[in-house]
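The shown structure was predicted, so the numbers you read here are calculated from the model rather than taken from an experiment. Values below: every heavy atom of this structure, side chains too, minus hydrogens, waters and symmetry copies.
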Amino acid sequence: MSFNPFRSSRFSGLNSIQGRLTAIALLFIAGTALSVAVVGFRFTVNFENERYRDHFSLLASYLASNAELGVLLGNQTILQRLSENMLTIDDVQLVEIFDNQQKIIVRVVRSDSLPELGYVRANVISTTIGTDSFIFATPDTPQALGKVHIGYSFSGLEQLKKQLALGFGVLSLLLALIPLFLYWRLSRAIRAPLKHVLHVAAEVSRGRMDIRAEGGTLIETITLANAFNEMLEALQLQRQQLKQANEDVVRQCSLAEVGKFSMTVAHEIKNPLAIIKGSLAVLTKQPPPDAALTQKMFTFIDEEILRINTLIEDFLLFARPSKAVLLTQRVDNLLDNLSHRIQLIDKTIQVSRPVAGEFSSRKIKCDIALVERALHNLVRNALEATEFSGGVYVTFECIPSKLILTVKDNGPGIKQEHLEQIFDPFISHKAKGTGLGLAIAMEAVIAHDGTLTVDNLDTGGACFVISLPFDGQIELTAENN
């Protein structure tokens, strides 16, 4: 299974280093910038409010100082001109001048519809009454000649507030975006090498060992990439060493199997050759043996040649097993074929098969040749166990999902310590046997994706069972009891 670093998490959103660092920086910097902007804006607005009011207070003081003569003389023309000049100043909406009896001398307004106004007042002080400063005189002093009132609108102040808000907004945005951009660049410098390291890991999991990670520009990521590359080099070296070791083990195992196979073949062929050689020595003696002995020697020679031929065929079948060719077969045709083959082996074998109606409409996928070979080897093993004296039973049985082939014998059975190795090649507990018959049967079972097991009957003897399913892939199971 190949490694996929993007299966469980994506390099996007809050699951990535870049996303989380950027989010943290955004919250922190935006919060800080917003706080600074709000606090600074409020302080500035309060300061401007005071300056704005002080500005009109100064205008009122200026008007009061210039209106002294007009108030003393009661000259409305002078006071009217002064008031109209004052209306030329932005945001001044109303000018009123009072005498010391609180009567209006002059009242000038910019328009009939006045907005919400703020007011400032100043006393008109006579400079001849003995005060040093008419500007700072209080209304209760006897030197006061009258008062001036100035009403002003807040449009200029509102415009100033808007400009301040815009300025602070732009400033706070810049204060947020510039560090945010720097954080983003930093997180990208971390993220890109990590992403490349994971990409390299994914490629390595697919079998590439020549790829290497890049560390980017940061010392930490460069160190990480170098450590990862060193690990890859060590892994590649270990892989090469392991491959070489596996090849050596496989070679040694192959040589051992070849040696074991050669020794078995040599041993199994040596005995028949010795008998053939001995028989030929008897036949070539002078004087020649009588006719009965001669016939017996020829019989020995023929049997041993047949034995050698059987050994060679078994070795070839085991060394080059046939590939299963699974074809759909009718169950009744398959059982007819198998019954016929069994009777050809030995007519004393008792065959029992189900009633035709139980299986005639069923079909099964199998390789008939391999099934015959497995069944033939099991029957031959049973005949050898009973020393060809009868007592071999073959039963065909249909169950809802499988066809069961059973081979039983009434021989001595199999020793308990031999059960686990009964299907291993070259394992034989017979005087004349290669130990390949049951191994070949096992290969036929494996070719059909089946299993092969063995056990003993309580009544003595052995039992082999082959199980073939009616649908899906074939499953062979053989039990030798």
Side-chain angles (χ1 to χ4, degrees), residues 310 313-385 392-409 414 422-425 434-455 457 462-481:
T310 302
E313 289 181 352
D314 287 346
F315 285 130
L316 291 177
L317 285 175
F318 181 75
R320 294 182 298 178
S322 301
K323 184 177 180 181
V325 180
L326 305 180
L327 300 175
T328 302
Q329 310 288 340
R330 285 178 58 91
V331 174
D332 52 356
N333 292 338
L334 173 63
L335 296 185
D336 289 341
N337 189 297
L338 294 177
S339 299
H340 178 69
R341 295 289 182 181
I342 292 172
Q343 292 298 324
L344 290 179
I345 298 174
D346 194 314
K347 294 185 179 295
T348 63
I349 299 174
Q350 300 182 33
V351 180
S352 175
R353 55 187 297 176
V355 179
E358 298 181 12
F359 60 85
S360 58
S361 61
R362 298 287 186 93
K363 291 185 179 181
I364 191 169
K365 268 190 173 184
C366 69
D367 187 327
I368 293 181
L370 288 183
V371 174
E372 288 178 355
R373 182 180 302 165
L375 187 59
H376 179 272
N377 287 347
L378 297 179
V379 170
R380 190 176 68 177
N381 186 74
L383 288 172
E384 291 175 354
V392 177
Y393 308 92
V394 178
T395 303
F396 303 142
E397 181 183 3
C398 289
I399 61 175
S401 61
K402 295 181 180 180
L403 173 65
I404 307 297
L405 313 178
T406 305
V407 179
K408 297 181 180 180
D409 65 71
I414 303 169
I422 194 67
F423 297 110
D424 292 344
T434 61
L436 292 177
L438 295 181
I440 292 172
M442 173 62 81
E443 285 193 348
V445 171
I446 294 174
H448 289 80
D449 295 329
T451 58
L452 189 55
T453 58
V454 60
D455 203 354
L457 293 171
C463 176
F464 296 83
V465 177
I466 298 176
S467 176
L468 303 178
F470 286 121
D471 52 355
Q473 289 187 333
I474 298 173
E475 180 187 60
L476 267 72
T477 306
E479 296 180 358
N480 185 358
N481 299 298

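The CG atom of Leu383 sits 4.5 Å away from atom CD1 of Ile349, with the distance rounded to the nearest 0.5 Å. Taking CD1 from Ile404 and OG1 from Thr395, the interatomic distance works out to 11.5 Å, rounded to the nearest 0.5 Å. The CG atom of Leu335 sits 11.0 Å away from the CZ atom of Arg330 when rounded to the nearest 0.5 Å. To the nearest 0.5 Å, atom CD1 of residue Ile342 and atom CG of residue Leu405 are 8.0 Å apart. Of the inter-residue distances, the one linking Ile440 atom CD1 with Leu370 atom CG reads 11.0 Å to the nearest 0.5 angstrom. Here the straight-line distance linking atom CD1 of Ile414 with atom CG of Asn381 works out to 7.0 Å at 0.5 Å rounding.
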Practice problem: Could you walk me through whether His376 and Val379 pass the side chain to side chain contact (heavy atoms under 4.5 Å, CB included) test, one step at a time? | Solution: CA-CA 5 Å; His376 179 272; Val379 170; 5.8 Å; no
Self-check item: Residue pair Phe396, Val351: steps toward the side chain to side chain contact (heavy atoms under 4.5 Å, CB included) verdict
Solution: CA-CA 8 Å; Phe396 303 142; Val351 180; 4.0 Å; yes
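Between Asp367 and Leu326, the shortest heavy-atom contact is N-CD2, 3.9 Å. In this structure, Cys366 and Val371 approach most closely via the heavy-atom pair CB-CG2, 4.2 Å.
The closest side-chain heavy-atom distance from Leu403 to Leu334 is below 4.5 Å.
Shown are Asp332, Leu327, Asn333; of these, the side chain to side chain contact (heavy atoms under 4.5 Å, CB included) with Gln329 is made only by Leu327.
The salt bridge (charged side-chain N to carboxylate O under 4.0 Å, His left out) pairs that include a residue from residues 336-352 are Asp336-Arg353, Arg341-Glu372, where partners are two or more places apart or lie in different chains.
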